[in-house]
Amino acid sequence: MQLYNTLTRDVSEFIPIEASKVSMYVCGATVQGNPHIGHMRAAVVFDLLRRWFSHNGFEVRFVRNVTDIDDKILHTAVHENRPWFEVAAHYEREFTNAYNALGILPPSVEPRATGHITQMVELIQDLIDRDMAYEIDGDVYFAVDKYAAYGELSNQKLDQLMVSEDSAERNKHFKHDFALWKKVEDQPTWPTPWGEGRPGWHIECSAMARFYLGKKFDIHGGGLDLAFPHHENEIAQSKAAGDNFAQRWLHSAWVTQSGEKMSKSLGNSLQVQEVLKLVSGMELRYYLLSAHYRSMLEYSPAALTEAATGFNRITSFVSRGQELIEVSDGSLPKDFITAMDDDLNLPIALGVLYETVRRGNTALAENDLDSLRLALTEVIEMLNVLGLSQGAIATENTHQIIDGLVQALLTEREAARARKDFATADALRDKLIAAGLTIEDTATGVRWSITR
RNA sequence: GGCGAGGUAGCAAAGUGGUAAUGCACUGGUCUGCAAAACCGGUAUGCGCGGGUUCAAUUCCCGCCCUCGCCUCCA
């Protein structure tokens, strides 16, 4: 299959290091707050890639880290008045819940930064021994100027970069050197040969990638905003330490609002738990997959619900088809495979999905069971590969639907009561009770609940 | 200042040197007691603007305008 590579800025044939195996490292979340749909886009994209590899017979080792120690987490801890580890654990669970709702498969391993200080220290020591890093007063910095290829991923020239304002505050040899280890006074800290401190913000990925995937692996992924400096620094420190590191880099684009990147700091982010009140997890996943992964996806509430409407057409076809026939394993349409193999061209692939649904609906109308079977198996197979077949799609809004039904009957009952036609009113109430509901007339109106 | 992405129908979003996928919305029709669903059809004479190359450009080249991102944390 053809895949983009940020490193070379072109699309090329994917060739795994080891036949029929793929090793992937994807930057996961810094668990400092609730997940928003931008986080989910990246997660869904790499989940899809992973599924596509699996579908094609690859054995995939998929590592997605959790950054559970970081200054922002410490800030949040102060703000929320609870220990940093509780903050990290809490938001990690929120991410896990969100991943599950969107049908994102659990990674092969989900390593936490705090569990890999040993590996980080090893890597840092390695860099110091190789004279690619230096320790000053308890801090350890990577010597960027000694690494000639610096900037290869993001195409940056060192002398053209803007310099962060606090770069002079520390004793770096070179203004662009970045911290591998930081001496800090406040807790938590971990012991190292250079004293107590905390890890710099890039070293964990290099250390954990090496630990779980080895010194050379196939793919490193993450959101586009991680390309520089995070991924650039990862490459520098890993290669300087003698690792061959990732062969290919993939970056997923943003979810935007009014053309602007969605992010917590801009205050325009949409938390997953809020969005899931509007649409189901599968509908949200479908929406996030509706643009090519390297294109910005422009969010609007209308776009989201319209995507849900479209997705619903697909699932309702599946439901109606399955009422008529039993299906076994199907195959994927050739055009679908071609699209997926072409750097995951989801818009084209979804087009094929809709065409197949249309064919299936026609077969359904004409009671052409052979054609129906073909279309149905193909659609189901496509949904499976896309990770869109999780759970009973209809149950998400069940309460809302029941409420609509109940309110209609209750309105009728109120009308009957108003004209003192209590026989009718009571008959209506009995129907609801018989259906398994409890009806209560309260001062503020009638309320219903499911009888336990 | 450097690097990068992008401007395609009401919205979202593909795509190609030969004349614009798909979904939603809208609309005509079939079906239906009426709806809904489904299906058939219609809806960008034009793909930011101006030049150029070419038999032919939305697609290549040049210039311009605009939007956004990264270089500070960020999916």
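Basis for what follows: all heavy atoms, side chains included, without hydrogens, waters or symmetry-related copies. Numbers restart at 1 for each chain; the letters A, B, ... are given by sequence-line order, proteins then strands.
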Shortest side-chain distance from [X], nucleotide among [options]:
X	options	value
Gln156(A)	rA75(B), rA13(B), rC3(B)	rC3(B)
Arg320(A)	rA38(B), rA12(B), rC39(B)	rA38(B)
Pro347(A)	rG69(B), rG2(B), rA14(B)	rA14(B)
Thr30(A)	rG23(B), rA75(B), rA14(B)	rA75(B)
Asn361(A)	rA75(B), rC39(B), rG2(B)	rC39(B)
Phe228(A)	rC40(B), rU22(B), rC71(B)	rC71(B)
Ala303(A)	rA75(B), rA12(B), rA14(B)	rA12(B)
Met162(A)	rC71(B), rG23(B), rG4(B)	rC71(B)

If you assign each of His36(A) and Leu350(A) to its closest nucleotide in RNA chain B, which residue comes earlier from the 5' end?
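Of the two residues, Leu350(A) wins.
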
On RNA chain B, check which nucleotide each of Gly222(A) and Tyr293(A) is closest to and give me the residue with the more 5' one.
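It is Tyr293(A), whose closest nucleotide lies nearer the 5' terminus.
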
Classify the angle between the aromatic ring planes of [X] and [Y] as parallel (below 30°), tilted (30 to 60°) or perpendicular (above 60°).
X	Y	result
His176(A)	Phe174(A)	perpendicular
Tyr286(A)	Tyr354(A)	perpendicular
Trp52(A)	His55(A)	parallel

[N] to [M] separation - [atom1] atoms, rounded to the nearest Å:
N	M	atom1	result
rC64(B)	rC26(B)	P	43 Å
rA35(B)	rG48(B)	C1'	44 Å
rG50(B)	rA38(B)	C1'	48 Å
rA20(B)	rU27(B)	P	26 Å
rC3(B)	rG63(B)	P	14 Å
rU59(B)	rG17(B)	P	11 Å
rC11(B)	rG69(B)	C1'	23 Å
rC60(B)	rC68(B)	C1'	25 Å

Between Glu86(A) and His90(A), do the side chains contain an N or O donor and an N or O acceptor separated by less than 3.5 Å?
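Not at all, the side chains of Glu86(A) and His90(A) share no donor-acceptor pair under 3.5 Å.
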
Rounded to the nearest Å, what distance is computed from the CD atom of residue Glu306(A) to the P atom of nucleotide rA25(B)?
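Interatomic distance, CD of Glu306(A) to P of rA25(B): 7 Å.
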
Using a cut-off of strictly less than 4.0 Å, decide whether [X] has a side-chain nitrogen or oxygen near OP1 or OP2 of [N].
X	N	result
Asn345(A)	rA14(B)	no
Arg9(A)	rC3(B)	no
Asn155(A)	rG2(B)	no
Thr309(A)	rG23(B)	no
Lys261(A)	rC70(B)	yes

Please answer whether the main-chain N or O of Leu364(A) pairs with a side-chain N or O of Arg320(A) as donor and acceptor at a distance below 3.5 Å.
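It does not hold such a pair.
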
Gln257(A) side-chain N/O to Ser300(A) backbone N/O, donor-acceptor pair under 3.5 Å:
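Answer holds: no.
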
Confirm from the modelled atom types if Lys72(A) and rC74(B) form a donor-acceptor pair under 3.5 Å, side chain to base only.
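For Lys72(A), whose side chain was compared with the base of rC74(B), there is no donor-acceptor pair (under 3.5 Å).
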
Reported CD-to-CG distance for the pair Glu283(A) and Leu102(A), which is rounded to 0.5 angstrom:
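Taking CD in Glu283(A) and CG in Leu102(A), the distance rounds to 11.5 Å.
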
Classify the nucleic acid contact of Leu297(A) as base, sugar-phosphate or nothing, counting any heavy atom under 4.0 Å across all strands shown.
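Here Leu297(A) touches the backbone only, sparing every base.
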
Can you sort out which residues in residues 82-106 of chain A have a heavy atom within less than 4.0 Å of RNA chain B? Ascending by number, please.
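Within residues 82-106 of chain A, no residue comes under 4.0 Å of RNA chain B.
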
Only one of Asp186(A), Asp70(A), Asp68(A) passes salt bridge (charged side-chain N to carboxylate O under 4.0 Å, His left out) with Arg198(A); say which it is.
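Looking at Asp186(A), Asp70(A), Asp68(A), the match for Arg198(A) under the salt bridge (charged side-chain N to carboxylate O under 4.0 Å, His left out) is Asp186(A).
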
